[in-house]
There are 2 protein chains.
Amino acid sequence: MREGPDIARIASLVGDPARANMLNALMGGTALTASELAHEAGVSLPTASSHLGKLMEGGLLTVASQGRHRYYGLAGPQVAGMIEAITGVAEAVGPKRVRPGPRDGAMRVARVCYDHLAGEQAVAMLDRLVAKNVLVRDEQQIRLGPSAASHFAAIGIDVYTRPRRPVCRACLDWSVRRSHLAGTLGAAILDKILADKWARREKDSRAVIFSLPGKQAFERVFLR
Amino acid sequence: MREGPDIARIASLVGDPARANMLNALMGGTALTASELAHEAGVSLPTASSHLGKLMEGGLLTVASQGRHRYYGLAGPQVAGMIEAITGVAEAVGPKRVRPGPRDGAMRVARVCYDHLAGEQAVAMLDRLVAKNVLVRDEQQIRLGPSAASHFAAIGIDVYTRPRRPVCRACLDWSVRRSHLAGTLGAAILDKILADKWARREKDSRAVIFSLPGKQAFERVFLR
DNA sequence: CGCATAGTTCGTTCCTCATCGAAGCATTCT
DNA sequence: AGAATGCTTCGATGAGGAACGAACTATGCG
């Protein structure tokens with residue numbers, strides 16, 4: 001009876017375990033093939049194909065055909081944000097993890113959230129950038145502060161080169177329950193962290209592992 | 001295979017249309033009874049009760065027993081944020097609103113919401129009553145103002161005769177996204193509108209169609 | 001070409017879960 | 001106490017949809 005956007009339709013897409021696993025895997029930010037996603041989800045290829053079709057039809061995924069491969073990826077940051085939000089609730093109400101393994105610890109500290117950094121490190125970074133007035137924040141909005149351009153230029157990031165998406169966006173961190181930095185700036189910072197080899201991606205996981213010198217460099221640049 | 005919080009479980013809770021409607025209704029911030037939610041969702045009371053049990057078990061709702069009523073509300077802002085996020089995606093990918101037919105127009109202007117009037121007319125009425133200080137409102141709470149008794153007595157409504165439910169309640173209007181008046185007073189006003197034949201119910205619809213003199217009477221009494 | 005790999009489509013099977021009526025508590029009104 | 005109201009539990013029914021094997025299409029390789 002009720003009108004408005006069909007939230008049940010979207011939620012039910014995420015509500016199937018196989019599809020949820022696929023979406024989770026895609027939260028790493030890299031597009032994956034149908035076979036890889038089938039493996040991630042623990043289902044057969046036909047089943048995966050059917051799920052992917054539904055996710056596509058629901059507008060949650062994009063696909064790029066390359067040769068005989070089809071690379072599926074999240075449709076955009078809004079979808080990623082939604083998954084984060086659902087993850088946050090699941091984490092909050094879910095059965096208390098009996099014993100958080102070491103891998104969970106790493107995830108908590110730093111991980112990839114679609115295309116930017118999340119976790120304690122990322123939250124601390126945003127806090128510090130706001131405290132230094134490099135970024136200005138009111139509520140969920142984040143904007144560049146007066147010194148932003150020069151500040152980021154000093155570490156090799158041009159805040160004006162990526163005009164397509166919003167430069168700054170707040171993204172709620174499920175492990176810390178506070179916001180971290182998304183948007184093109186967040187993506188550029190993650191790029192730099194990986195390009196400069198401050199950290200590496202854990203295989204088959206969203207975890208981001210900092211090396212000791214990498215961590216020190218990160219702290220010097222972003223937490224001071 | 002994948003670890004982490006069980007996002008499919010949470011999403012599937014939202015993924016049922018009946019439950020989604022309930023959650024949507026609760027997004028207004030006011031707690032609602034099981035019967036009201038059953039009506040909102042368009043399902044029978046047993047069905048609603050089952051859904052509410054699941055939402056409770058999933059940790060998405062809280063409940064407060066007051067006498068023989070059970071008031072259900074969202075478990076917290078995090079849950080509300082999740083619903084907002086899902087709504088945002090649904091809005092973005094959803095079917096482009098084709099063309100709101102005439103019936104939708106009528107629904108938008110005035111309709112029945114459980115037992116009281118909703119829609120633009122109802123929102124305007126509440127605004128006016130608050131502006132005239134007949135009703136006093138702070139946040140989601142609405143109370144009778146000093147002149148309420150005499151004001152409503154003049155049009156044949158005794159504000160004290162129906163002690164069973166709260167006299168005034170705010171109810172979020174989905175078409176206008178602002179509150180209108182619910183509670184026994186809201187119900188009494190709708191009764192009067194229909195009893196005095198200012199308007200009639202559209203068959204098999206929630207729409208309420210005002211006659212021309214009825215509309216004038218309504219405006220004279222409530223919008224001036 | 002013929003063979004291998006990557007994906008989708010089809011048809012069938014099976015199971016979960018939404019639904020409602022009837023009956024059972026609980027609370028409040030008279 | 002008895003009646004009315006609000007809500008939950010139980011049991012039966014039915015529909016939707018997740019799963020996979022087999023067959024089909026498409027791309028790449030020798």
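Letters go in sequence order (proteins before strands), and every chain restarts at 1. Model, not experiment: these values are computed from the prediction.
- Residues M22(A) and A41(A) come closest through the heavy atom pair CG-CB, 4.0 Å.
- Atom CG of L13(A) and atom C1' of dG16(D) are 14 Å apart (whole Å).
- Taking atom CE of residue M22(A) and atom P of nucleotide dG7(C), one finds them 11 Å apart after rounding to whole Å.
- Of the side-chain N and O atoms in Y72(A), one or more sit less than 4.0 angstrom from OP1 or OP2 of dT8(C).
- Separating the OH atom of Y71(B) from the P atom of dT5(D) is a distance of 16 Å, rounded to the nearest angstrom.
- Applying the side-chain contact (heavy atoms from CB on, under 4.5 Å) criterion to K197(B), with sequence neighbours excluded, gives no partner residue.
- With rounding to whole Å, L61(A) atom CG is found 14 Å from dG7(C) atom P.
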Could you list the donor-acceptor pairs under 3.5 angstrom formed between side-chain atoms of residues 214-224 of chain B and any protein atom two or more places apart in sequence or on another chain?
unit_1: K215(B); atom_1: NZ; unit_2: E219(B); atom_2: OE2; d: 2.9

Heavy-atom contacts, protein to nucleotides 14-24 of chain C, under 4.0 Å, summarised as B (base), S (sugar-phosphate only) or - (none) per nt, yield ----SSBBB--
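- Scanning both residues, G59(A) and V93(B), for their nearest heavy atoms gives O-CG1, 3.7 Å.
- Rounded to whole Å, atom C1' of dT27(D) lies 6 Å from atom CZ of R68(A).
- To the nearest angstrom, C1' of dT8(D) lies 15 Å from CG of L37(B).
- If you measure from atom CD of Q66(A) to atom C1' of dG28(D), you get 14 Å, rounded to the nearest angstrom.
- In plain terms, the two heavy atoms of R9(B) and E57(B) that are nearest each other are NH2-O, 3.3 Å.
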Nucleotide N/O to protein N/O under 3.5 Å, stretch nucleotides 11-13 of chain D:
none

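- Atom NE2 of H69(B) and atom C1' of dC7(D) are 11 Å apart (whole Å).
- In this structure, the side chain to side chain donor-acceptor pair (under 3.5 Å) partners of S65(B), at least two apart in sequence or on a different chain, are R70(B).
- Residue R70(B) places at least one side-chain N or O under 4.0 Å from the OP1 or OP2 atom of dT8(D).
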Assess whether salt bridge (charged side-chain N to carboxylate O under 4.0 Å, His left out) is satisfied between E40(A) and R19(A), documenting all intermediate values. CA-CA 10 Å; E40(A) 285 287 340; R19(A) 288 194 292 262; over 6 Å; no
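- The side chain to side chain donor-acceptor pair (under 3.5 Å) test applied to N133(B) returns no partner, not counting sequence neighbours.
- In terms of modelled atom types and a separation under 3.5 Å, the side chain of T47(B) and the main chain of V43(B) share no donor-acceptor contact.
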